[in-house]
Participant: 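The structure's right below; bear with me while I get my questions together.
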Amino acid sequence: MDNRTSLITMLKQLRDDMLVIQQQGAGYYSCTPIASRYNKLLAQGRKLFSVGDGLIDTFDNINEADPKDPGEKMKVVQGIRLEISQLLALIESSGEHAK
């Protein structure tokens, strides 16, 4: 099993799941499971890179606190979406160069 490919697939699925959850209604979802899953996938992503490989070090864990205000939840989810997209780009492009 190729961890890189699996991680890419899982990040894309998390991004899709976030969209479905958001469409169910602002304020009625929790950011905690999304942030928690992202943090776990980020930890796995870090294992694909050698220590000191600069770009992976630009990613931080997402705070898993759950804001109550729907506007704040939207900001958290937008931030996670951005981080997922950037992490996907990094992992995908690093795999292309490894070939």
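Small disclaimer: the values here were computed from a predicted structure and weren't measured.
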Participant: Drop me the distance from I21's CD1 to I34's CD1, to the nearest 0.5 angstrom.
Facilitator: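 Taking CD1 in I21 and CD1 in I34, the distance rounds to 4.5 Å.
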
Participant: Mind listing the side-chain donor-acceptor pairs of residues 7-16 below 3.5 Å, one per line with the distance, residues two or more places apart or on another chain?
Facilitator:
from	atom 1	to	atom 2	distance (Å)
T9	OG1	T5	O	3.0
K12	NZ	E92	OE2	3.2
Q13	NE2	D17	OD1	2.7

Participant: Which atom names give the shortest non-hydrogen contact between P67 and V76, and what distance separates them?
Facilitator: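 For P67 versus V76, the nearest heavy atoms are CG-CG2, 3.9 Å.
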
Participant: Taking side-chain hydrogen bond (donor to acceptor under 3.5 Å, both in side chains) as the test, write out the residues that go with Q44, two or more places apart.
Facilitator: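 Once residues adjacent in sequence are excluded, Q44 has no partner under the side-chain hydrogen bond (donor to acceptor under 3.5 Å, both in side chains) criterion.
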
Participant: Can you find a pair of side-chain heavy atoms, one from L48 and one from S94, that are under 4.5 Å apart?
Facilitator: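 Contact flag for L48/S94 side chains = no.
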
Participant: Using the side-chain hydrogen bond (donor to acceptor under 3.5 Å, both in side chains) criterion, which residues pair with N39? Sequence neighbours excluded.
Facilitator: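 In terms of side-chain hydrogen bond (donor to acceptor under 3.5 Å, both in side chains), with neighbours along the sequence ignored, N39 is linked to E64.
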
Participant: Below 3.5 Å, can you tabulate the donor-acceptor pairs from side chains in residues 82-91 to any protein atom, sequence neighbours excluded?
Facilitator:
from	atom 1	to	atom 2	distance (Å)
S85	OG	R81	O	3.2

Participant: Under the salt bridge (charged side-chain N to carboxylate O under 4.0 Å, His left out) rule, collect the residues that match up with E72, sequence neighbours excluded.
Facilitator: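 Partners of E72 by the salt bridge (charged side-chain N to carboxylate O under 4.0 Å, His left out) criterion, ordered by chain and then number, come out as K75.
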
Participant: Could you pull out the closest heavy-atom pair between T32 and A65, with the gap in Å?
Facilitator: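 The answer is OG1-C, 4.2 Å.
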
Participant: Which residue pairs pass the salt bridge (charged side-chain N to carboxylate O under 4.0 Å, His left out) test when at least one of the two sits in residues 32-52, sequence neighbours left out?
Facilitator: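 Every candidate salt bridge (charged side-chain N to carboxylate O under 4.0 Å, His left out) pair involving residues 32-52 fails, so no pair, neighbours aside, qualifies.
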
Participant: Rounded to the nearest 0.5 Å, what's the gap from CD1 on I80 to OH on Y38? Could you check?
Facilitator: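 With rounding to 0.5 Å, CD1 (I80) is 8.5 Å from OH (Y38).
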
Participant: Do you know the tightest heavy-atom contact between V77 and C31?
Facilitator: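 Heavy-atom minimum between the residues: CG2-SG, 4.0 Å.
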
